[in-house]
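First the proteins, then the strands, lettered A, B, ... as listed; each starts at 1.
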Protein chains: 4
Amino acid sequence: MTGTKAARTRLRILDAAASEFAAQGYAGTSLRRIAEESGLQLGSLYFHFTSKDALLSEVVREAVAFAEERVSSALDDLPAAASARTRFSAAVRAHLRALHESSDRGAAVVRIIDLSPELTAVGAHQHVRDYARFWTGLVIEAQAAGGIPGQLDPVITRDLVVGAMHATVGRRQLPPDQVARLAETVIGLVLRQPLTNWP
Amino acid sequence: MTGTKAARTRLRILDAAASEFAAQGYAGTSLRRIAEESGLQLGSLYFHFTSKDALLSEVVREAVAFAEERVSSALDDLPAAASARTRFSAAVRAHLRALHESSDRGAAVVRIIDLSPELTAVGAHQHVRDYARFWTGLVIEAQAAGGIPGQLDPVITRDLVVGAMHATVGRRQLPPDQVARLAETVIGLVLRQPLTNWP
Amino acid sequence: MTGTKAARTRLRILDAAASEFAAQGYAGTSLRRIAEESGLQLGSLYFHFTSKDALLSEVVREAVAFAEERVSSALDDLPAAASARTRFSAAVRAHLRALHESSDRGAAVVRIIDLSPELTAVGAHQHVRDYARFWTGLVIEAQAAGGIPGQLDPVITRDLVVGAMHATVGRRQLPPDQVARLAETVIGLVLRQPLTNWP
Amino acid sequence: MTGTKAARTRLRILDAAASEFAAQGYAGTSLRRIAEESGLQLGSLYFHFTSKDALLSEVVREAVAFAEERVSSALDDLPAAASARTRFSAAVRAHLRALHESSDRGAAVVRIIDLSPELTAVGAHQHVRDYARFWTGLVIEAQAAGGIPGQLDPVITRDLVVGAMHATVGRRQLPPDQVARLAETVIGLVLRQPLTNWP
DNA sequence: CATGAATGAGATTTCATTCAT
DNA sequence: GATGAATGAAATCTCATTCAT
């Protein structure tokens, strides 16, 4: 087993919380439901998290870290000489896969990040900002390589690209092949690259 | 005076509700706050709307109608011979202006549409779907004219483009010139057209 | 037409109120529903009645008067030489018919009289008390004639007999032949008279 | 101590609820008052009962069980050879004592059973029906023994007898000797037995 | 005669949170 | 580590009532 009993319970809570936050938003999520989903009594949550806000903060932190780690390792898997277009494409694919993958971990970020005044109050925006900066870099690389028009503002462009990807997350989970189609469409639209892996 | 007394009160409520829904989401919005913003007592809301759901439904209906009307009339203002690229660009500009302008009326749609299981329950998705179909048409036109790669799925593409625009709506309202920059960036990214009106 | 327009509206309100009070009790009855049933707007009720209590008071007064009138005239229709048993039997039949007859006028009394602390507050108990005293007389007559055991307390007995009759009023209305069966059973039980009009 | 802390609180709530339901009816009863009478905060009720309906259901169930148990054990205390008249009389005495005694536990049933559409919704009518069937048996026994006219319909008769007893329950509680007088009057009226225990 | 618009109090229910055990 | 019991505030909604028109 991984870690102590407390650590495993903690994970169950985070899973349940991510799922609820993703599906109902911050205000729409009740701790009672999270407790039920975790197989705990309501009061027991407070042994693991000090408040609803703290729980949200952790969920967001984990979810961003999850996406970041996926994208980073996808880039690391590329040959050192990979082109900026290849790197950008790989990042898009990894990010979309992370968003749509199991257990709502990814979805949670997206759906909540935009909508919650609570996030700022909770100080979780820092994680998000770091990750965003990372994407700005990818955009600038792609512009330098001619994959994205150079005269566009890189920050605005990054917001549009990331926003477009986030908009693909819905309440139902998509099967992997549809996620792949999404990724190729993003790439085709943004980089104007001929599509790969396309049926 | 515009309309009856009730009609004016109704408008005040809808304004307040749009603003609250946009800022706090459905679950996070309290009718008490809407009442306060409208200068009414809580109970008085129920003279004008039968429930919170009904209020949401009306807000969404009005907001979508507002955006639709803006975009339609922007297209109608174009010369009959306008190219598909011109039409697409005009639509993007009008849509973004509608979203960022006019006391959250537009913003409400965006921020809520994605997050609310309530919308479906409330039957407001129909308005949204109609408007979405309208954008699919614009994408197909642009593809036929070579402004958007023809091999991309038009529905997915439409979701990405509209999603990118919606992601630009934040909690604070943007000044008109920033909205214009957003629009030109979207156009530059999607149509790869040389930017116009750019400082 | 009977009376002025106001008088006719007043009747519609009383009918609706009797029906609602009978079915839902005092607290469970809402003026809005009464207004709807009467084809009026809520506020318009107050032109005819000064409060919910006043409306209740009127309904009870009318309902008791209705039953009283029915029973009195049934007794008046008897030959002057009619026996006490005959008179008692006729009263039972008339009372039960009044209770189960159309438009809830009768039912209203029964179902509300017992349950409402409001009745006392509203001063409507006087009508009820008068009618009750009338029944005490009938019981005493029947005792004198040997139809009811003489050693029983007439007031308690009256409460039991009237209570038994009232218990027959339910939420659904009974067809006339079932009301007749009820009446003959009451008579058979209380007076031990051979049943009449029995199939 | 009797049972856990929760069990004791639950009892306090049920007592308060029975008293309120009996005095004010279902619609007229406010949970806030029940909470106050129980020495709890309003919200705390929901730890013990999921809704007002559930509370009503429990009160009725308990009250019927209480009356049933009293009557059953009164019959069990009789010699095996006791006559039907004796059994019927004992049942009447026990039922009336149960109704008028013990902090509204009994009264609650009576006053609510008739008036509440809610009872059906709440599924509590089953308990009531079972108890009613039990009384039908007593009536039939008494008819066989000649205590009640054999030609009367036993179900209607049972409704009348039980209805008469229920009508004796008022808002104020009666002292034991008055309850005894009531019982003897019912017996004298229904069975035409010479009265016993009579001052 | 009747409506339209609003009020303020109160209803039931749900919530995040606490703390003794 | 976790539960059981309770709290107090806030949520949505309904109610009887008022009064200008």
> Quick one: B:Gln41 CD to F:dA11 C1', roughly how many Å, whole number?
16 Å

> Would you name the heavy atoms of D:Leu45 and D:Leu31 that are closest together and state the gap between them?
CD1-O, 3.5 Å

> Quick one: pull up CG in D:Asp15 and CD in D:Glu62 and give me the separation to the nearest 0.5 Å.
8.5 Å

> Whether A:Ser51 contacts E:dA16 is assessed here as follows: a side-chain N or O lying under 4.0 Å from the phosphate OP1 or OP2. Is that the case?
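Result: no.
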
> Any carboxylate oxygen within less than 4.0 angstrom of a Lys/Arg side-chain nitrogen, looking at B:Glu36 and B:Arg33?
no

> Just N and O in the side chain of D:Arg32: are any of them under 4.0 Å from OP1 or OP2 of E:dA11?
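D:Arg32 to E:dA11 OP1/OP2: side-chain N or O found under 4.0 Å.
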
> Rounding to an integer number of Å, can you tell me how far D:Gln24 CD sits from E:dG10 C1'?
15 Å

> How long is the line joining CZ of D:Arg10 and C1' of F:dA6, in whole Å?
17 Å

> Which of residues 42-50 of chain A sit near DNA chain F, with a heavy atom under 4.0 Å from it?
A:Gly43, A:Ser44, A:Phe47, A:His48

> Return the nearest nucleotide to the side chain of A:Lys5; candidates are F:dA2, E:dG8, F:dA11.
F:dA2

> Output the rounded distance in Å from CD (A:Glu20) to C1' (E:dC15).
14 Å

> Out of F:dG1, E:dA16, F:dT17, which nucleotide sits closest to the side chain of A:Ser30?
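Nearest to the side-chain atoms of A:Ser30, counting from C-beta on, is E:dA16.
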
> Rounded to whole angstrom, note down the C1' distance from E:dC1 over to F:dT21.
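Between the two C1' atoms, the distance is 12 Å.
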
> Tell me whether the side-chain N/O atoms of D:Thr9 come closer than 4.0 Å to OP1 or OP2 in F:dA6.
yes

> Does A:Thr29 or B:Arg12 map to a spot on DNA chain E nearer the 5' end, using the closest nucleotide for each?
B:Arg12

> For the CZ atom of C:Arg10 and the CG atom of C:Leu55, what is their distance to the nearest 0.5 Å?
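So the CZ of C:Arg10 and the CG of C:Leu55 are separated by 9.0 Å.
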
> Atom OH of A:Tyr26 and atom P of E:dC15: how far apart are they, to the nearest Å?
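Going from OH in A:Tyr26 over to P in E:dC15 covers 13 Å.
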
> May I ask you to check if B:Lys52 and B:Phe21 form a cation-pi contact, with NZ or CZ under 6.0 angstrom from the six-membered ring centre and within 45° of the axis?
no

> Could you please name the option among E:dC15, F:dT17, F:dT12 that lies closest to any side-chain atom of C:Leu31?
F:dT17

> Within this structure, what is the CG-to-C1' distance between B:Leu40 and E:dG8, rounded to whole angstrom?
13 Å

> List DNA chain E stems (3 or more consecutive Watson-Crick/G-U pairs, under 3.5 Å)?
E:2-21 with F:2-21

> Give a yes or no on whether the backbone of A:Lys5 and the side-chain of A:Thr9 come within a donor-acceptor separation of less than 3.5 Å.
yes

